[in-house]
Amino acid sequence: MKKSAWGRSKAPWLVTALLLASVGPQVAAQNEPITLNFYSEGDVNVQDLWQKTLIPMYQKAHPNIKINLVFSAHGTSSQSTLDRMAGAQKANKPSGVDLLEGNVPDAGEAGLLEKLDTRKVPLLSRVEPNTLARAQSYGVPYRGSSVVLAYDSNRVKNPPQTLDALIAWINKNPGQFTYNAPDSGGSGNAFVTRILRLGIDPASSSFFETDYDASKEKQWDKGFALLKQLAPNLYNGGQYSKNNVETLQLLGKGAIAMGPVWSDQALSYMKQGLLPPNIKLVQIRPAFYGGSSYVGVSKDSQNKQAAYDFLNWLLSSDVQAIVADQMNGYPGVRLQYMPKEVQTKYGSIAKDFSFNFSSKFNSDMNRLWYERIAGRQ
Amino acid sequence: MVRAHRWSAVSRARSKEALVGLLLVAPPTLVLLFLVVIPAWQAVTFSLGIVPADNVAYNSSLNLIRSDTPTLAVFRRLFATRSFTQNLGLTFFVTFATMTLLTLVSYALALYARFNRGRLSGLVRTLYLIPMFVPAIIAGYALTIFYGDHGVFQAALNRMGLPYHSPIGAGWGIVLGQLWVSIPFAVLMLSSGLDGVAEEQVEVARDAGASFWVILWRILLPLNFIPLLIVLTFTFIGVFGSFTIPYLLGGNAPQMLGVSMQLNFSAFRQQQIAVALAVFSFLVCAVAGYLYVYATTRRQQGAA
């Protein structure tokens with residue numbers, strides 16, 4: 001890492017910084033205030049987690065490190081961040097991005113992120129290897145969550161346990177279910193993905209998660225036909241919620257009795273009293289997708305060691321316990337490294353989720369949904 | 001000798017003047033060149049299939065059409081999709097509905113403010129300016145909360161036993177929002193025109209026994225034609241390419257072109273289609289702009 005930084009820039013201050021870094025990160029940190037630019041994305045709860053809890057906590061323990069959070073709500077400007085990083089790399093200039101949360105696998109594949117290992121981030125040894133492999137080791141998975149089915153237990157006594165039962169329930173109870181447009185939030189996206197999987201042959205299942213070939217999208221026809229058939233039986237005769245939050249609000253108002261929601265978001269809403277106690281969660285079989293949130297280190301970061309240290313801190317047990325508690329998300333490290341309460345809270349459901357489509361397949365899924373399904377019926 | 005000296009002094013003063021003029025005009029020209037002309041030119045060529053190698057956003061587009069010579073293939077593909085036809089239909093519907101309603105409402109307001117000078121008309125004049133100081137995004141949320149499903153308006157109507165079907169999420173909802181944000185500019189424009197109509201002309205007509213409608217039709221409307229044309233053109237261009245209001249108040253489908261552009265750019269990863277949509281919108285608005293310029297210059301020539 002030192003060599004490549006040396007090759008790129010010969011600014012004298014960098015020499016000093018590298019000399020200090022070679023003595024040890026602690027010394028460098030003590031002598032020179034470091035700013036880490038952290039580009040993140042997600043819903044308000046993610047922003048709160050960083051802005052109000054984790055970053056102040058880290059800065060208190062490491063006074064010379066300043067973490068500058070640049071947050072993109074719902075990831076609306078994450079594409080431009082990636083474009084910026086790619087542009088900077090092309091022009092051989094620093095992009096100003098040190099840490100990146102969001103589409104880490106794609107950014108890594110585009111050569112914008114460092115590959116991580118236990119040498120750089122020792123606590124990665126506690127992470128499930130499969131979870132790390134999902135992002136090709138380009139990021140640290142620091143929390144996970146999945147989409148589950150939320151229902152009003154006053155009106156639904158026996159919630160569906162399988163996908164078939166869910167479809168049957170929607171058709172039998174018109175106007176009681178809806179989901180958000182797949183581009184506007186993961187919960188509706190997971191519902192559409194789960195339905196489209198009905199037509200995908202098992203051999204291609206993992207291809208849809210990692211690769212891209214538009215000719216394979218013929219396998220979605222069955223799923224789209226089903227979504228079209230379900231549409232008139234949705235809320236208000238075919239109205240979709242605007243995003244993850246609106247589904248929760250419709251549930252809370254009693255406008256619908258069931259809908260797909262993110263586990264962490266729903267649990268947070270319940271904890272804050274934004275959802276009445278009669279709203280319950282259940283995971284169906286086969287499960288909706290879930291995923292981990294990854295934070296990666298930019299290849300052109302000038303403060304890689306500080307970034308690695310931050311990621312390592314993120315995986316320590318006490319920080320993970322805070323993340324699990326505040327986000328109601330599954331911890332990033334294996335449950336055996338977590339306190340007893342966290343183990344009992346998530347023991348049975350934390351691993352129970354499927355995967356989403358690769359981002360290019362997902363873009364096409366969004367487009368085809370708008371072309372074939374969207375609009376009042 | 002003296003004359004020659006004077007001549008050179010004059011030409012020196014002239015060239016100095018010219019230099020100052022150039023310096024003054026340089027900043028806006030440069031801004032226009034770098035922020036408008038060059039990106040617009042790139043967008044046009046990109047929509048014609050010429051993909052710049054160094055533009056990452058353009059190169060990562062799905063369903064990219066590449067060509068060495070300009071081709072209309074991108075536009076052919078765009079025009080062939082059913083959703084484009086529907087989106088264009090909604091865009092024209094919202095644009096013309098807004099133009100019609102806006103003209104009626106703002107003309108009424110402008111006439112009221114012109115011919116009534118009481119305390120009430122002062123209040124009206126203040127009220128119609130309010131939307132100018134409220135950002136469109138706030139207005140959008142406010143309208144959703146008030147007129148949307150389970151909103152305040154519905155609660156009030158339901159209490160009186162009246163049924164209600166919210167326009168929010170459909171075409172009329174967008175028209176409502178566009179109307180709200182467009183009223184201040186339209187009324188100001190029309191009012192300034194009406195203020196320009198000489199009081200005597202109206203008085204004379206009134207003395208001759210002309211009714212209000214005759215005065216309106218024969219005097220006010222013709223004399224106030226240019227401001228009306230400005231309002232119509234600007235509303236057309238503004239609404240046709242709008243994003244915030246249709247994004248907040250529209251439904252999933254069909255969508256106005258501005259929202260569709262954004263979806264194509266980010267959610268569908270079809271940057272080329274998004275750019276082609278932008279070029280198409282620009283052309284439509286350019287036609288409206290041309291009609292406006294043509295009409296005003298002809299009228300001025302006719303008047304002269």
Side-chain angles (χ1 to χ4, degrees), chain A residues 72 74-91 106 110 112 178-185 188-189 212 214 231 234-242 246 249-250 252-255 359-377, chain B residues 52-64 77-78 80-87 89-90 140-141 144-145 148-151 154-155 164-173 243 247-255 259-271 273-274:
Chain A
S72 156
H74 304 284
T76 41
S77 55
S78 48
Q79 185 60 45
S80 68
T81 306
L82 292 189
D83 294 345
R84 203 178 113 183
M85 289 170 76
Q89 193 181 55
K90 200 150 207 172
D106 272 13
L112 303 173
T178 199
Y179 60 97
N180 61 280
D183 67 299
S184 66
N189 192 294
Y212 178 67
L234 297 181
Y235 170 60
N236 255 356
Q239 197 174 325
Y240 303 92
S241 65
K242 264 204 161 6
E246 205 193 343
Q249 287 169 341
L250 290 172
K253 281 194 285 196
S359 82
K360 283 182 181 175
F361 267 130
N362 190 48
S363 300
D364 280 357
M365 180 180 94
N366 287 338
R367 177 171 56 82
L368 292 171
W369 186 87
Y370 273 94
E371 278 173 15
R372 299 189 191 176
I373 310 295
R376 290 198 198 207
Q377 303 304 308
Chain B
D54 56 343
N55 192 322
V56 188
Y58 284 179
N59 268 294
S60 60
S61 176
L62 288 182
N63 303 320
L64 196 61
R77 175 185 288 173
L78 173 65
T81 52
R82 199 171 60 100
S83 55
F84 170 76
T85 325
Q86 290 169 338
N87 291 346
L90 177 77
Y141 271 110
T144 311
I145 289 167
D149 282 323
H150 307 282
Q154 182 169 21
Y164 178 67
H165 190 76
S166 170
I168 305 295
W172 284 111
F243 173 75
Y247 179 73
L248 290 172
L249 301 178
N252 288 128
Q255 291 172 316
V259 182
S260 166
M261 256 179 250
Q262 197 270 342
L263 266 182
N264 271 293
F265 199 88
S266 58
F268 306 166
R269 272 220 224 172
Q270 295 196 113
Q271 286 89 338
I273 293 284

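Note on naming: letters A, B, ... go to the chains in the order of the sequence lines (proteins, then strands), and numbering restarts at 1 for each one. Keep in mind that the numbers below use all heavy atoms, side chains included, and drop hydrogens, waters and symmetry copies.
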Pick one of side chain, backbone, both or neither for [X], based on which atoms fall under 4.5 Å of a heavy atom in chain B.
X: A/Lys90; value: side chain
X: A/Ser359; value: both
X: A/Asn180; value: neither

- prompt: A/Asn362, A/Asn366, A/Asp364: which one forms the most heavy-atom pairs within less than 4.5 Å of chain B?
  reply: A/Asn366
query: What residue among B/Leu62, B/Ile273, B/Asn63 forms side-chain contact (heavy atoms from CB on, under 4.5 Å) with A/Arg367?
result: B/Asn63
Contact origin within [X] toward chain A - heavy atom pairs under 4.5 Å:
X: B/Gln86; value: neither
X: B/Arg269; value: both
X: B/Gln270; value: side chain
X: B/Tyr247; value: backbone

message: For B/Asn252, give me all partners under side-chain hydrogen bond (donor to acceptor under 3.5 Å, both in side chains), at least two apart in sequence or on another chain.
response: none
- prompt: Can you name the side-chain hydrogen bond (donor to acceptor under 3.5 Å, both in side chains) partners of A/Arg372, sequence neighbours left out?
  reply: A/Asp221
- prompt: Judged by atom type as modelled, is there a donor-acceptor pair below 3.5 Å linking the side chain of A/Asp183 to the main-chain atoms of B/Ala267?
  reply: no
- request: Kindly compute the distance separating CG (B/Asn264) from OG (A/Ser363), expressed to the nearest 0.5 Å.
  value: 10.5 Å
- prompt: Taking all non-hydrogen atoms of both residues, which atom of A/Glu371 and which atom of B/Ser83 are closest, and how far apart?
  reply: CG-OG, 3.8 Å
statement: Closest non-hydrogen contact found for B/Asp149 with A/Lys253 is O-NZ, 4.3 Å
query: Just wondering, are more than 12 heavy atoms of other shown residues or ligands nearer than 6.0 Å to OH in B/Tyr164?
result: yes
